[in-house]
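The structure under discussion appears below in the form of structure tokens.
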2 protein chains.
Amino acid sequence: MDLANDELLKLDNEVGFALYACSKGLIRKYNPVLERLGLTYTSYLAMLALWEQDGISVSELGKKLYLDSGTLTPLLKKMEKQGLLQRRRDREDERIVLIALTPKGRDLQAKTERTVSALNNTLRLLRESSLFSDLKRLLGELYEI
Amino acid sequence: MDLANDELLKLDNEVGFALYACSKGLIRKYNPVLERLGLTYTSYLAMLALWEQDGISVSELGKKLYLDSGTLTPLLKKMEKQGLLQRRRDREDERIVLIALTPKGRDLQAKTERTVSALNNTLRLLRESSLFSDLKRLLGELYEI
DNA sequence: TGCTATTCTATTGTACACAATTATTTTGTG
DNA sequence: CACAAAATAATTGTGTACAATAGAATAGCA
């Protein structure tokens with residue numbers, strides 16, 4: 001697909017728009033389901049990261065999720081209020097805030113697994129297609145441009 | 001890729017996360033460039049849609065962009081203030097608000113074409129790969145699930 | 001040891017998104 | 001025609017995103 005000048009600015013030719021609309025569409029599917037768990041899509045992603053690796057710092061979590069402190073600080077405070085995790089300064093280095101799941105936060109994993117399995121089934125085909133690996137490759141490339 | 005239960009909730013296996021992170025990453029690349037045009041990513045998309053088809057209603061624009069009035073109304077008011085477009089009620093049907101580009105809005109197209117061409121080149125490979133058509137297909141499927 | 005640069009989190013300000021609700025207008029039907 | 005239903009924007013409330021800045025703590029170095 002090599003575009004002439006007058007085709008360059010068409011909405012349907014925008015890779016970014018396809019990504020943007022797909023991403024929002026999927027989040028719209030997830031959010032009502034996650035609501036039953038008391039989670040939003042963003043807090044769901046944060047929990048996924050923490051279930052994999054508990055006790056990490058805000059900046060480490062930010063690297064995993066590609067989010068900065070401007071997003072994470074209020075999000076984590078809200079999740080702390082919900083009783084899912086605790087935040088505390090590292091004693092060795094007072095600049096760092098470490099995140100630790102509470103028992104309630106850990107226990108949520110099993111219920112979440114059951115709850116999202118329906119969505120996961122819907123997305124199974126996507127995960128099995130080459131689209132998924134292409135996306136992950138794209139994500140890597142985006143951060144090198 | 002058929003996932004065992006303990007793999008199901010891993011962040012790296014989330015199709016949604018790959019989409020979400022890719023989309024935000026790309027918008028982060030676009031926004032500083034678009035700023036030179038006085039546009040944000042969202043208003044850029046709105047202008048793309050309007051350059052293709054001027055004089056449409058808010059709801060028609062919403063269908064093109066997959067956005068609702070809660071997002072579009074304040075966005076369009078801001079763009080009207082910038083002098084890019086005008087909003088006026090349809091005389092035939094007072095429920096409808098029609099959007100019309102101003103000369104300034106139309107003139108922005110040429111400059112935008114030049115400005116985003118660098119970004120477009122970076123993304124040329126993506127547009128030429130199967131990823132792009134896969135994404136558009138996914139977008140269609142998402143709205144049927 | 002001081003001093004400077006760096007690291008890390010928090011804050012501020014701007015800009016979306018979207019569900020739910022409201023208000024207005026039009027349409028369709030008995 | 002009257003009135004219920006539908007269509008259309010606007011509003012409200014909540015939840016992100018992120019650039020830019022600030023502020024505290026640490027590291028590195030003359």
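Below, chains carry the letters A, B, ... as their sequence lines are ordered, and counting in each starts from 1. Keep in mind that what you see is a predicted model, and the values were worked out from it rather than measured.
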Rounded distance in Å - CZ (A:Arg91) to C1' (D:dA24): 19 Å
For B:Asn31, all residues meeting side-chain hydrogen bond (donor to acceptor under 3.5 Å, both in side chains), sequence neighbours excluded: none
Using a heavy-atom cut-off of under 4.0 Å over every strand shown, decide if B:Leu72 touches base, sugar-phosphate, or nothing. nothing
Rounded to the nearest Å, what distance is computed from the CG atom of residue A:Leu65 to the P atom of nucleotide D:dA17? 10 Å
Below the 4.0 Å mark, does D:dC18 have OP1 or OP2 next to a side-chain nitrogen or oxygen of B:Arg28? yes
If I take atom CG in residue A:Asp90 and atom P in nucleotide D:dA25, what distance separates them, rounded to the nearest angstrom? 13 Å
Might you list the N or O atoms of the protein lying below 3.5 Å from N or O atoms in nucleotides 5-8 of chain C, with each pair's distance?
unit_1 : atom_1 : unit_2  : atom_2 : d
C:dT7  : O4'    : A:Arg95 : NH1    : 3.4
C:dT7  : O2     : A:Arg95 : NH1    : 3.0

I want to check something: taking the side chain as every heavy atom from C-beta on, are A:Val116 and A:Leu34 in contact at a cut-off of under 4.5 Å? yes
Taking 4.0 Å as the cut-off, does a side-chain nitrogen or oxygen of B:Tyr20 come that near to OP1 or OP2 on D:dA17? yes
Are B:Leu76 and B:Leu61 close enough that some pair of their side-chain heavy atoms sits under 4.5 Å apart? yes
If you pin A:Glu92 and A:Leu75 to their nearest nucleotides in DNA chain D, which one's is more 5'? A:Leu75
Provide, to the nearest angstrom, the distance between the CG atom belonging to A:Leu61 and the P atom belonging to C:dA10. 12 Å
Does any part of the side chain of B:Met79, heavy atoms only, come nearer than 4.5 Å to the side chain of B:Leu75, both counted from C-beta? yes
Can you tell me how far P of D:dT8 sits from CZ of B:Arg89, to the nearest Å? 12 Å
Following the transitive rule for hydrophobic clusters with a side-chain heavy-atom cut-off under 4.5 Å over Ile, Leu, Val, Met, Phe, Trp and Tyr, establish whether A:Leu50 and A:Leu98 coincide in one cluster. no
Distance below 4.0 Å between B:Thr71 side-chain N/O and C:dA17 OP1 or OP2: no
Between P on C:dT14 and CG on A:Asp68, what's the gap in Å once rounded to a whole number? 17 Å
Between the side chains of B:Tyr44 and A:Glu14, is a donor N or O closer than 3.5 angstrom to an acceptor N or O? yes
At less than 3.5 Å, do the side-chain atoms of B:Thr73 and the base atoms of D:dA9 form a donor-acceptor pair? no
For DNA chain D, which residues in residues 31-42 of chain A have a heavy atom at a distance below 4.0 Å? A:Thr40, A:Thr42
Quick one, which residues of residues 76-87 of chain A touch DNA chain C with a heavy atom under 4.0 Å? A:Lys77, A:Arg87
The helix from C:dT1-D:dA30 to C:dG30-D:dC1: angle between end helix axes, five pairs per end, rounded to 10 degrees: 10°
Test side chain to side chain contact (heavy atoms under 4.5 Å, CB included) on B:Leu108 and B:Leu39 and set out the steps. CA-CA 10 Å; B:Leu108 192 60; B:Leu39 295 175; 4.0 Å; yes
In terms of hydrophobic clustering (I, L, V, M, F, W, Y; side-chain heavy atoms under 4.5 Å; direct or indirect links), are B:Trp51 and B:Leu72 co-clustered? yes
Pairing residues for A:Phe17 by the ring pair (Phe, Tyr, Trp, His ring centres under 6.0 Å) criterion, not counting sequence neighbours: none
Measure the distance from NZ on A:Lys29 to C1' on C:dA17 and round it to the nearest whole Å. 16 Å
Taking only residues at least two apart or on different chains, which pairs with a member in residues 70-89 of chain B satisfy salt bridge (charged side-chain N to carboxylate O under 4.0 Å, His left out)? B:Glu80-B:Arg87
Got a sec, which residues hit side-chain hydrogen bond (donor to acceptor under 3.5 Å, both in side chains) with B:Gln86, two or more places apart in sequence or on another chain? none
What residues form a salt bridge (charged side-chain N to carboxylate O under 4.0 Å, His left out) with A:Asp107, not counting sequence neighbours? none
Under the side-chain hydrogen bond (donor to acceptor under 3.5 Å, both in side chains) rule, collect the residues that match up with B:Thr40, sequence neighbours excluded. B:Ser43
Can you measure A:Leu19 atom CG to C:dA17 atom P for me and round it to whole angstrom units? 14 Å
Listed partners of B:Ser59 passing side-chain hydrogen bond (donor to acceptor under 3.5 Å, both in side chains), at least two apart: B:Ser57
Residue pairs involving residues 52-68 of chain B (criterion salt bridge (charged side-chain N to carboxylate O under 4.0 Å, His left out); sequence neighbours excluded): B:Asp54-B:Arg106
Need one value for B:Ile27: base, sugar-phosphate or nothing, where a base atom within 4.0 Å counts as base even if backbone is also close, heavy atoms only. nothing
